[in-house]
Trainee: 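Before we start, here is the structure in question, set down as structure tokens.
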Amino acid sequence: MSSAEPNVVLLVELEIAEGSMARFLDLAAEHARITLAEEPGCLVFDVVQEDDSRVVLYEVYRDRAALEAHAARPQLARFKEQTADMVTGRRRRELRRAGRLAGKGRVLCTIPVLSERRHLLQPLVDAGFEVVFNETGRSFDAAGLIEAVPGAVATIASIEPYNARTLAAAKDLRIVARLGVGYDQVDVAACTEAGVAVAMAFGTNHEAVADHTLALIAALASRITDYDRRVRDGGWGSLYHGRLHGTTVGLIGFGRIGRAVAKRCQGFAMRVLVYDPYVEASAIEHLGCEPVAFEALLEDSDFVSVHAPAMPSTRHLVNEAAFERMKPSAFVVNTARGPLIDEAALARALEAGSIAGAGLDVFEVEPLPMDSPLRRMDNVVLSPHVAGLSDGAVAAMAEKCVDSILTYLAGRPLESGLILNPEVVA
Ligand code: NAD
């Protein structure tokens, strides 16, 4: 990709005919945008208006070969042709830069798992960006982000918080591309205020989360982790486990993930109840599921699975009163977000035997504190917020983030609905 040769800097000083400046600047900005988007060898293309009649084009190329490639581009010939009548004088200077520019800018990838799958972000490197990875093995907290983000023009974001405080350290940041579909840690209004676009990877990991949800449900029903421990400890024999076939699952939230879970449960001949106040009953029935009230779902389900987003209105949606309504033989599963379940009430319900067990991928505090009682309970199956991180989903999400960053920074429109704050783009 990059050679060891020094960068080449080109300064083109242009005299612009009277009355042509505005039109020239428009055409030059468009040319800069196309050049930066399409030429990996062009690291900087800046258009600087010196005064009413003079403009300097400041261009940095990775090396001489990149400059020559630019000179041969039809886009350059077209730009010269379009502006020929406006330019009355031209002076061209070439400099060799002592140091080397890192590229078009820095992209900070905060996702630990991607530091082992760097090839997924190669298109950014090929386009001239420097990519910096999170090598700590865990997601950044606010302090970690504040330390790592200065200088980054884009982040490929995990679950670290983006708010007024962290954004104050991110002066160069123009886009946060979330490797996922939840944005409860992103203060979208603060991003808008800071001029930072927030792009999501909608549609890339719901099947993975649904697979993981089924894995937790099946592990609980079949007591897989109990059997595993039993055999490893030298034991043998049945623990009299449950089943999926013919049981009832209750889905709280019927969006992309809820629907994908429903399909899988139907494949196991499970009855599927749904509570989602924002989805028409007919849409639920159309997919072979039963729309029910929240209380009915709790009372009738063998598995209660949560798939609503974390918002102030869904905080502790599943709380002490909810556990009291559930059957003592029922399990609760959460692959959505920790705050949807009152974790202290859950621990009490599990200890008291008012429900049978829980399968949890997400927690109120992550990583789950070492002293959490949930760590000690045998009727709980735990995973470390990885439901959406199957190999295929990570590749699809990374591709979407890379595409969003390249497209956005090139000034082109993104696929509809991916940007949460389109007013920044406008
Ligand atoms: P989605 O937006 O497609 O669906 C969410 C559904 O929840 C919507 O249908 C909405 O109407 C419903 N809803 C909102 N408020 C509700 C309420 N009070 N009660 C019941 N339903 C309500 O989102 P999705 O892609 O299905 O994802 C759901 C959640 O899963 C995300 O918000 C995210 O936090 C979480 N998630 C977790 C992981 C993981 O790795 N564990 C990965 C991806 C997504």
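Note that ligands are numbered from 1 as they come in the structure, with each ligand's atoms numbered from 1 the same way. This one's a predicted model, so the numbers in the text were calculated from it and none came from an experiment.
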Trainee: To the nearest 0.5 angstrom, please state how far the CZ atom of Arg223 sits from the OG atom of Ser238.
Mentor: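 So the CZ of Arg223 and the OG of Ser238 are separated by 8.5 Å.
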Trainee: Using a heavy-atom cut-off of under 4.0 Å, does the side chain or the backbone of Ile257 touch ligand 1, or both, or neither?
Mentor: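 For Ile257, backbone and side-chain atoms both sit under 4.0 Å from ligand 1.
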Trainee: Under 3.5 Å, is there a donor-acceptor pair between the His212 and Ser383 side chains?
Mentor: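 Their side chains do contain a donor-acceptor pair, which is all the 3.5 Å distance test asks for.
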Trainee: Would you mind running through ligand 1 and noting each atom that sits below 4.0 Å from a heavy atom of Arg337?
Mentor: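 Those qualifying, in numeric order: 33 (C), 34 (O), 35 (C), 36 (N), 37 (C), 38 (C).
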Trainee: Are Glu290 and Arg271 close enough for a salt bridge, meaning some N to O gap below 4.0 Å?
Mentor: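 Between Arg271 and Glu290 there is a salt bridge, with a charged N closer than 4.0 Å to a carboxylate O.
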Trainee: For Tyr61 and Glu59, does a side-chain donor sit closer than 3.5 Å to a side-chain acceptor?
Mentor: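 Yes.
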Trainee: Looking at Arg315 and Glu343, does any basic side-chain N land under 4.0 Å from a carboxylate oxygen?
Mentor: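 Glu343 and Arg315: not salt-bridged.
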Trainee: Taking 4.0 Å as the limit for heavy-atom contacts, which would you say applies to His385 with ligand 1: side chain only, backbone only, both, or neither?
Mentor: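 For His385, only side-chain atoms sit under 4.0 Å from ligand 1.
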Trainee: For atom 23 (O) of ligand 1, is the nearest protein heavy atom closer than 4.0 Å?
Mentor: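 Within 4.0 Å of atom 23 (O) of ligand 1, no protein heavy atoms are found.
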Trainee: Starting from atom 28 (C) of ligand 1, what is the nearest protein heavy atom, named by residue and atom, and what distance separates them?
Mentor: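 Atom 28 (C) of ligand 1 sits closest to the protein heavy atom His307 O, 3.5 Å.
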Trainee: Check ligand 1 against Asp361 and write out every atom of the ligand that is under 4.0 Å from a heavy-atom position of the residue.
Mentor: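 Near Asp361, the atoms of ligand 1 are 39 (C), 40 (O), 41 (N).
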Trainee: Decide whether a cation-pi geometry holds between Arg348 and Phe323; the criteria are a distance under 6.0 Å from NZ or CZ to the six-membered ring centre and an angle within 45° of the ring axis.
Mentor: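 The answer is no; the distance or angle limit is not met.
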Trainee: Can you tell me how far CZ of Phe129 sits from CG of Leu124, rounded to the nearest 0.5 angstrom?
Mentor: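 It comes to 6.5 Å.
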Trainee: Between Asp361 and Thr335, does any side-chain donor sit less than 3.5 Å from a side-chain acceptor?
Mentor: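 There is no such pair between these side chains.
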Trainee: Less than 4.0 Å between a side-chain N and a carboxylate O, is that true for Arg264 and Glu207?
Mentor: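 Yes, charged N to carboxylate O under 4.0 Å.
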Trainee: Within the 4.0 Å heavy-atom shell around Val181, which atoms of ligand 1 are there?
Mentor: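 Listed by number with element, the hits are 25 (O), 43 (C), 44 (C).
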Trainee: Could you work out, for atom 1 (P) of ligand 1, the closest of Ala393, Gly255, Gly203 by heavy-atom distance?
Mentor: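 Looking at heavy atoms only, the winner is Gly255.
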Trainee: Just wondering, more than 12 heavy atoms not from Lys327 lying within 6.0 Å of its NZ?
Mentor: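 Yes, NZ of Lys327 has more than 12 neighbouring heavy atoms, counting only those of other groups under 6.0 Å.
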Trainee: What is the closest protein heavy atom to atom 10 (C) of ligand 1, and at what distance does it sit?
Mentor: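 For this ligand atom, the closest protein heavy atom is Asp276 OD2, 3.4 Å.
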Trainee: Near Gly388, which atoms of ligand 1 are under 4.0 Å from a heavy atom of that residue?
Mentor: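 Counting atoms of ligand 1 from 1, those under 4.0 Å from Gly388 are 39 (C), 40 (O).
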Trainee: Starting from atom 37 (C) of ligand 1, what is the nearest protein heavy atom, named by residue and atom, and what distance separates them?
Mentor: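 In this structure, atom 37 (C) of ligand 1 has Thr335 O, 3.1 Å as its nearest protein heavy atom.
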Trainee: What residue and atom, counting heavy atoms only, is the protein's closest point to atom 3 (O) of ligand 1, and at what distance?
Mentor: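 It is Arg256 N, 3.0 Å.
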Trainee: How far is atom 7 (O) of ligand 1 from its nearest protein heavy atom, and which residue and atom name does that atom have?
Mentor: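 I find the closest protein heavy atom is Pro309 CD, 3.3 Å.
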Trainee: What atoms of ligand 1 come closer than 4.0 angstrom to any heavy atom of Gly253?
Mentor: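 That gives atoms 7 (O), 20 (C), 21 (N) of ligand 1.
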Trainee: May I ask whether Ser313 has any heavy atom positioned less than 4.0 angstrom from an atom of ligand 1?
Mentor: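 Judged by the 4.0 Å heavy-atom criterion, Ser313 does not count as contacting ligand 1.
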Trainee: Nearest non-hydrogen contact with atom 29 (C) of ligand 1 belongs to which option: Pro384, Gly182, Ala308?
Mentor: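 The residue whose heavy atom sits nearest atom 29 (C) of ligand 1 is Ala308.
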Trainee: Of all the non-hydrogen atoms in the protein, which one sits nearest to atom 18 (N) of ligand 1, and at what distance?
Mentor: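 Protein heavy atom with the smallest distance to atom 18 (N) of ligand 1: Thr314 CG2, 3.5 Å.
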Trainee: Check each atom of ligand 1 against the heavy atoms of Val362 and keep those under 4.0 Å away; list them by number with element.
Mentor: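 Per the distance check, 41 (N).
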Trainee: Decide, yes or no, whether a salt bridge links Asp226 with Arg229 under the criterion of side-chain N to carboxylate O below 4.0 Å.
Mentor: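 Salt bridge flag = yes for Arg229 with Asp226.
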Trainee: Within ligand 1, which atoms have a heavy atom of Tyr278 less than 4.0 Å away?
Mentor: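 This gives 11 (O), 13 (N), 14 (C), 15 (N), 16 (C) as the contact atoms.
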Trainee: Does Gly180 have a non-hydrogen atom less than 4.0 Å from ligand 1?
Mentor: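 No, Gly180 has no heavy atom closer than 4.0 Å to ligand 1.
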Trainee: Side chain, backbone, both or neither: which applies to Phe254 and ligand 1 if a contact is any heavy-atom pair less than 4.0 Å apart?
Mentor: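 Just the backbone.
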Trainee: If I compare all heavy atoms of Met326 with all of Val304, which pair ends up nearest, and what's the gap?
Mentor: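 Looks like CE-CG2, 3.8 Å.
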Trainee: Within the 4.0 Å heavy-atom shell around Val209, which atoms of ligand 1 are there?
Mentor: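 Contacts of ligand 1 toward Val209, numbered from 1: 38 (C), 42 (C), 43 (C).
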Trainee: Can you confirm whether the side chains of Thr110 and Glu160 place a donor and an acceptor under 3.5 Å from each other?
Mentor: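 Yes, a side-chain donor-acceptor pair sits under 3.5 Å.
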